[in-house]
2 protein chains.
Amino acid sequence: MTAIVEVLGELLVIFLAAKVGGELFLRLRQPAVIGEILAGIFIGPFALGLIGVPGQELLDFFHDDQAAAREGLSLVLESIAELGVIVLLFFVGLETRLADLLRVGIRSLLVAVLGVVGPFVGGTALMLALGYPSMESIFVGTVLVATSVGITARVLRDVGALDSREARIILGAAVFDDILGLLMLTIVSGIAVEGKLQVGHVLWITALALGFTAVVGGLGALAIRRFFPLIVDRLQIEHAPLVVALALMLTLASVASAIGLAPIVGAFLAGMALAEVAERYHLHEQALPIYAFLVPFFFVVTGARVDPRLFLQTETLWLALAVTGVAVFTKAAGAALGTIGFAPRSMAIVGFGMVPRGEVGLIIASIGLSLGVVERPLFSVAVVMSMLTTLFTPPILVWLLRPLIAQRQREFAGRVPAGE
Amino acid sequence: MTAIVEVLGELLVIFLAAKVGGELFLRLRQPAVIGEILAGIFIGPFALGLIGVPGQELLDFFHDDQAAAREGLSLVLESIAELGVIVLLFFVGLETRLADLLRVGIRSLLVAVLGVVGPFVGGTALMLALGYPSMESIFVGTVLVATSVGITARVLRDVGALDSREARIILGAAVFDDILGLLMLTIVSGIAVEGKLQVGHVLWITALALGFTAVVGGLGALAIRRFFPLIVDRLQIEHAPLVVALALMLTLASVASAIGLAPIVGAFLAGMALAEVAERYHLHEQALPIYAFLVPFFFVVTGARVDPRLFLQTETLWLALAVTGVAVFTKAAGAALGTIGFAPRSMAIVGFGMVPRGEVGLIIASIGLSLGVVERPLFSVAVVMSMLTTLFTPPILVWLLRPLIAQRQREFAGRVPAGE
């Protein structure tokens, strides 16, 4: 049980670091999320080592197996971080109405498709040009595909821009992007294993992913409006509306991940379906404290994953920087192209909003590694790419969003000051 | 990362099971907490195995090390459960004012002392009578000492009796009980290791534990009233009051456990200190959603620890039942004796409220095991005792609390119906 106490200490350090970092950055007139990520880098296992390094209690718990202790601790922190990002996207979903997403639906689809094709073609071409085998090149292209929308969603919320047209396009595109990423992975890993395209399997995955998104996204809101009050009114447990909402969040996150989609897509769809009844049942106000408690864990743990030693390996560093450059440029350009006709700033917001790559790329890289088509140094390259796109997107987005932030502040100043 | 998805699935199952179990028991006019514990037994690794049994993803994560995977998963679930019980006692603290505790302070101290002496003497005597060596007998006596107040606090809250005199005596006694338990452990394990009483060390631990409790309990509320508004008003982070409150909760829980006290004692003291400003900053309303989300994990995981196979080992079962009988009788009688002069029902409520033993006894048993003064079968005996006192206390308490519950319902019916 003392191992649990050690974990408790880590959670305390993470929570304090998140809030101190967030406060510091708010005072610098920057969004809190940047402070939380930087706090994570500082206290992480590769810097100060305040978190992620098992102490004696955890070593005892794992019978002095150093590797198992480190992995066990990482499992705890990553699990709570995942819960945090699920709550974040659930919350963003609660603030999003299907009708608003549908209004920009075609744009979102366009942004997603171009933002997937660009990095895939760019990444594959770069690797082929550098003389890598074709299968390995295609895997690297696939690694560059999937956007991780958590970072962008948090920045948009921090600056109060979640209800902007750009935000809606990004959120819709993130859902499509996730489906496309899953298809790419299915196709590419199928070819790598079987040597040929498995049409039946790919069609099945496509149908499943599209079906889930269409049914939950399209009918979810209707079903909630019809059945949520009936269910909730009949339950005797305390806080039945919040409990049912959280149960739906966890359920759809799990179903999404069972299909192969990101859990956060399920959580986002759950939130969006509940947006219909959120006001009536105060879901928003009730989700906020859970947000304040759990979401910071995601960003600190994300920062703590940053391993500066990877930037010291000069032999792979140049490749990593080249791949990152391609990843940023092709995603931003492709996604921005999907909003052609918009003001240049809006195009840039959408473009850079889609840039952060998260764990999906790393999952693909590790599958490639286990299939033997990707070499180990390329895994480090994928990690560096994921770190850099995560770290540098928030400041760029904030810079691009300045006029919108200023406008929001003017609007806010015009209102009656709200209470606590 | 797919290991995280597997953990997410476990969390979903736990949450759903907790709420279904809770709802079921509410419909049977029983407190939700009993349903949550029973749900945990059902889905636990020793019954249906829906939780606590690592699947392929977790096995992969731990390189096919079955033991490490099981321990890693258990670490995640136990950590989140611990967070749950910390939130529970924090919340109970928010509903408790120091003045109310002080008014029954002498009674609480009496209840704690008699409730510690009884089981220690009774347990030691039983083992000596059965022919066990004296050191081993003393260890078993020590195992029976420490009350784990989480179960009782939840039952009292579920039935709306947290503000009764009995509840306050129990809560105060739980704090003293924890200090006494720590002292007993320090003394006994000191004697076991060094062969003699280490007076200096024992005095140091006593001073530390008493000092922490007195300073936080006594001056905490004053300090909060003076400094909390100053700090909170200067912070720019969202939900600053809640954030500072949660930070204090985690900090005091960690400090308490660093001293050797239970983390929940620190969390309770944090909540009590904040009770002064809870209304002004809506801490109570904001803590409720976190309570609804996290607390059930503690009770389901508590249930999931129950291993029915232990009851099939007939050679230790009789000893286990005898020890449990002594544990229940001596604690209930001792604690009840501390409220002599009260109505018999009140004495019984306080007595049985102190009966549940949690992980502290198991920690002591495992220390005895590692020191070589306790034999392995006696560890199973301690586990059975902990399980039985946890399982059977809630229904007994509910039965004893019936008149109070009925009175609360009459009061409630007389009020204007409150909204959501």
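Note that the structure is predicted; figures quoted are calculated from it, not measured. In what follows, chains carry the letters A, B, and so on, assigned in the order in which the sequence lines appear, proteins first and then strands, with residues in each chain numbered from 1. No hydrogens, no waters, no symmetry mates; every other heavy atom, side chains included, goes into these values.
Scanning all heavy atoms of the two residues, the minimum distance from A:Val5 to B:Ser257 falls at CG1-OG, 3.2 Å. Closest approach of A:Gly9 and B:Ser254 over heavy atoms only: CA-OG, 3.8 Å.
Taking B:Leu8, B:Leu58, B:Val7 one by one and counting their heavy-atom pairs under 4.5 Å with chain A, the maximum is reached by B:Leu8. Per-residue heavy-atom pair counts under 4.5 Å with chain B were compared for A:Leu288, A:Asp158, A:Leu362, A:Ile80, and the maximum is reached by A:Leu288. The most heavy-atom pairs under 4.5 Å with chain B, out of A:Ser79, A:Gly72, A:Ala287, come from A:Ser79. Put simply, of B:Val76, B:Leu75, B:Leu26, the one with the most heavy-atom pairs under 4.5 Å next to chain A is B:Leu75.
Side-chain atoms of A:Glu23 come within 3.5 Å of backbone atoms of B:Gln236 as a donor-acceptor pair (strictly under, hydrogens ignored).
At a 4.5 Å heavy-atom cutoff, B:Leu77 makes no contact with chain A through either its backbone or its side chain. Contacts of B:Leu242 with chain A are made by side-chain atoms alone, with heavy-atom separations under 4.5 Å and no backbone atom involved. Residue contact with chain B, scored on non-hydrogen atoms closer than 4.5 Å, involves the backbone and the side chain of A:Ala247 alike. Of the two parts of B:Val243, the backbone and the side chain both hold a non-hydrogen atom closer than 4.5 Å to a non-hydrogen atom of chain A. If you measure heavy-atom distances from B:Ala68 to chain A, the contacts under 4.5 Å come from both the backbone and the side chain. For A:Leu83, the part lying under 4.5 angstrom from a heavy atom of chain B is the side chain only.
Heavy atoms of other residues, nucleotides or ligands lying less than 6.0 angstrom from CD of A:Glu285 number more than 12.
Note that CD of B:Glu71 is 3.5 Å distant from NE2 of A:His63, once rounded to the nearest 0.5 Å. In this structure, the separation between CD1 on B:Ile290 and CD on A:Gln286 is 11.5 Å, given to the nearest 0.5 Å. Atoms NZ and NE2, from A:Lys19 and B:His239 in turn, are 8.5 Å apart once rounded to the nearest 0.5 Å.
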Run the side-chain contact (heavy atoms from CB on, under 4.5 Å) check on B:Met249 and A:Phe293 step by step: do they pass?
CA-CA 12 Å; B:Met249 169 188 88; A:Phe293 192 31; 4.1 Å; yes
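Proximity to chain B at a heavy-atom threshold of 4.5 Å picks out A:Leu11, A:Leu12, A:Phe15, A:Leu16 from residues 11-18 of chain A, in numerical order.
Considering only residues two or more places apart in sequence or on other chains, A:Tyr291 meets the ring pair (Phe, Tyr, Trp, His ring centres under 6.0 Å) condition with A:Phe91.
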